[in-house]
2 protein chains.
Amino acid sequence: MKDEKKRGRPRAFDAKAALGKARDVFWDRGFAAASLDNLSAATNLNRPSLYGAFGDKEDLYLDTLEGYRQDGMNTLAEALDPSLPLRDNIARVYAGALAIYLHGETAARGCLLIGTASVEAVQHERVREVLGRSLNDFDDEIEKRMRLGVERGELPESADPQMLARLASAVMHSLAVRARAGDSRETLEAIARSGVELICGSANNP
Amino acid sequence: MKDEKKRGRPRAFDAKAALGKARDVFWDRGFAAASLDNLSAATNLNRPSLYGAFGDKEDLYLDTLEGYRQDGMNTLAEALDPSLPLRDNIARVYAGALAIYLHGETAARGCLLIGTASVEAVQHERVREVLGRSLNDFDDEIEKRMRLGVERGELPESADPQMLARLASAVMHSLAVRARAGDSRETLEAIARSGVELICGSANNP
DNA sequence: AGAATTTAATGCGAAACGGTACAAAATATG
DNA sequence: CATATTTTGTACCGTTTCGCATTAAATTCT
């Protein structure tokens, strides 16, 4: 049902790949400082094609955010594989985040949402909505795992799954900011390790 | 030594007040989206005056960041008053942060540095430097208090002051991001309370 | 083959951008 | 009072910005 022959001239580009290139531009420069020329050059699409395929700059940006969000949720779900101990789950969440944030050892781009959507969130309601929803969904997914941890006895009955989840996310938010501030991989990994220890400190060791 | 009579026409504005107004513009819009017209309107200074007093837009932005940074360090020092218990200190750090981030209940601006400097940090080295230094100095100041806590027996000997400090900062970074994402005061205060509990959980109650 | 439809490429155009030249105004100095 | 010096306000310059109008190309439908 994807290759119904459409009636006009066929597209000469892969929209998904173009979206990925655009995402890199926004990731490096942010929304406001990314010009249509930058985006056009990176995607190899001239402006009318960009406009036709994705709408205006804000639409394109929101599309990249939504894609990033969904990728992130998938990565998170994998990291939280419930057949593993809670401690491993959280460690995997941070490792997955750092793999994205550090982007090939050198240039530290941090998190696309935290790093670039935060600025726009105050003035652009739609951006704020995506950012807020992303953070909340992330919290909720971790909270589910925390609840499971209480049920299983990995965490004490007295543990507050919602708050533990929000604090687990908080460590990740900090990693995102610090990556963009230029912190080294070693520093970030050390923070991640300590975060796991603090969050899962009350978790049973098998 | 401040009112040495200078030779030309005297300034008709207070540079410090103007810097405060400019800061508000950057806080709401970020660096890239803040136009000189915005800044000129907010400060009641025409562009040549702005330029003469502060340099170009990037210079002005860096000035506001540096001012914000120093204000933040002062607020932090007050919050960490060593005559108070550690737990109170950390709670005061978060309360002080939220007072700034929430800005009069309604509009949530978050942290100027985390919210607006993070985006520019990748491309602007001077911004990245200020951001990195700010985060590190903050960590270091909290770390000092943690060390004192260990000496005093507020924290166990096994505690790692550096890592505890970085995680205490992490909670604050998360508050900054979440404020900008639109989270309510109640949510943020709950996270702050849980953060205090988690960080200072091992601290003695007097 | 020809009409209809969709995409591609060129290029434009109005507005906004950052920054500055220039002259008038206001003060200190001699 | 004249001169030097600094700030102020107007107006402007060249560039870049985003978005679109227009025309050419590629494909399907009839």
Side-chain angles (χ1 to χ4, degrees), chain A residues 1-19 21-23 25-26 28-65 116 119-120 123-124 126-127, chain B residues 1-19 21-26 28-65 116-117 119-120 123-124 126-127:
Chain A
M1 85 220 244
K2 273 230 165 173
D3 34 352
E4 304 159 3
K5 294 186 180 177
K6 275 181 306 183
R7 271 205 55 167
R9 176 173 178 171
R11 275 196 181 151
F13 63 92
D14 174 17
K16 208 147 197 170
L19 217 57
K21 295 291 187 184
R23 182 164 75 177
V25 173
F26 286 128
D28 279 350
R29 313 174 91 99
F31 169 74
S35 72
L36 286 187
D37 281 341
N38 297 148
L39 295 162
S40 179
T43 57
N44 279 318
L45 297 182
N46 34 34
R47 275 186 303 254
S49 294
L50 263 181
Y51 198 85
F54 305 107
D56 68 9
K57 195 173 91 161
E58 184 170 332
D59 293 330
L60 174 56
Y61 180 59
L62 288 166
D63 271 4
T64 69
L65 288 187
T116 77
V119 217
E120 313 297 334
Q123 300 259 330
H124 290 91
R126 297 165 69 195
V127 175
Chain B
M1 82 219 249
K2 272 229 167 177
D3 35 351
E4 304 158 2
K5 295 186 179 175
K6 277 182 305 184
R7 267 207 55 175
R9 176 173 178 171
R11 277 197 179 148
F13 63 93
D14 174 16
K16 208 147 198 170
L19 216 59
K21 294 291 187 184
R23 181 164 77 177
D24 286 340
V25 173
F26 285 129
D28 280 349
R29 312 175 94 99
F31 169 74
S35 72
L36 286 188
D37 280 342
N38 297 148
L39 294 162
S40 180
T43 56
N44 280 316
L45 295 182
N46 34 33
R47 272 179 304 227
S49 294
L50 263 182
Y51 199 86
F54 305 107
D56 68 10
K57 195 172 93 162
E58 183 170 333
D59 292 331
L60 174 56
Y61 180 59
L62 288 166
D63 271 5
T64 69
L65 288 187
T116 77
V119 218
E120 313 297 334
Q123 299 259 330
H124 289 92
R126 297 165 69 195
V127 174

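Just so it is clear: chains get the letters A, B, ... in the order the sequence lines come, proteins before strands, and each one is counted from 1. We use all heavy atoms of the structure for the numbers below, so side chains are in, but hydrogens, waters and symmetry mates are not.
Atoms CG and CG, from A:N46 and A:L36 in turn, are 11.5 Å apart once rounded to the nearest 0.5 Å. Here NZ of A:K21 is found 11.5 Å from CG of A:D14. Values are rounded to the nearest 0.5 Å. For the atom pair CG of B:L39 and CG of B:N44, the computed distance is 12.0 Å after rounding to the nearest 0.5 Å. The OG1 atom of B:T64 sits 11.0 Å away from the CG atom of B:D59 when rounded to the nearest 0.5 Å.
A search for salt bridge (Lys or Arg N to Asp or Glu O under 4.0 Å) contacts involving A:D63 returns nothing, not counting sequence neighbours. Residues satisfying the side-chain contact (heavy atoms from CB on, under 4.5 Å) criterion with A:A15, sequence neighbours excluded, are A:R11, A:F13, A:F54. For B:R9, there are no side-chain contact (heavy atoms from CB on, under 4.5 Å) partners two or more places apart in sequence or in a different chain. The salt bridge (Lys or Arg N to Asp or Glu O under 4.0 Å) check on B:R29 picks up nothing, with sequence neighbours excluded. Looking at residues two or more places apart in sequence or on another chain, you find no side-chain contact (heavy atoms from CB on, under 4.5 Å) involving B:A41. Partners of A:R47 by salt bridge (Lys or Arg N to Asp or Glu O under 4.0 Å), not counting sequence neighbours, listed by chain and number: A:D37. For B:D56, the salt bridge (Lys or Arg N to Asp or Glu O under 4.0 Å) criterion is met by no residue, not counting sequence neighbours.
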* Structure fact -> With sugar-phosphate taken as primed atoms, P, OP1 and OP2 and all else as base, the protein-contact string of nucleotides 5-11 of chain D at under 4.0 Å (heavy atoms; B, S, -) is BBBSBBB
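For the segment residues 32-42 of chain B, the set of residues with a heavy atom within less than 4.0 Å of an atom of DNA chain D is empty. For DNA chain C, the residues of residues 56-64 of chain B within the heavy-atom distance limit of 4.0 Å (strictly under) are B:D56, B:K57, sorted by number.
Taking five base pairs at each end of the helix from C:dA1-D:dT30 to C:dG30-D:dC1 and finding the rotation axis that steps the C1' atoms of four pairs onto the next four gives two axes whose angle is 0°, to the nearest 10°.
For residues 29-52 of chain B, the pairs satisfying ring pair (Phe, Tyr, Trp, His ring centres under 6.0 Å) are B:F31-B:Y61, B:F31-B:H124, with sequence neighbours left out.
Considering only side-chain N and O atoms, B:Y51 lies nowhere under 4.0 angstrom from the phosphate OP1 or OP2 of C:dG18.
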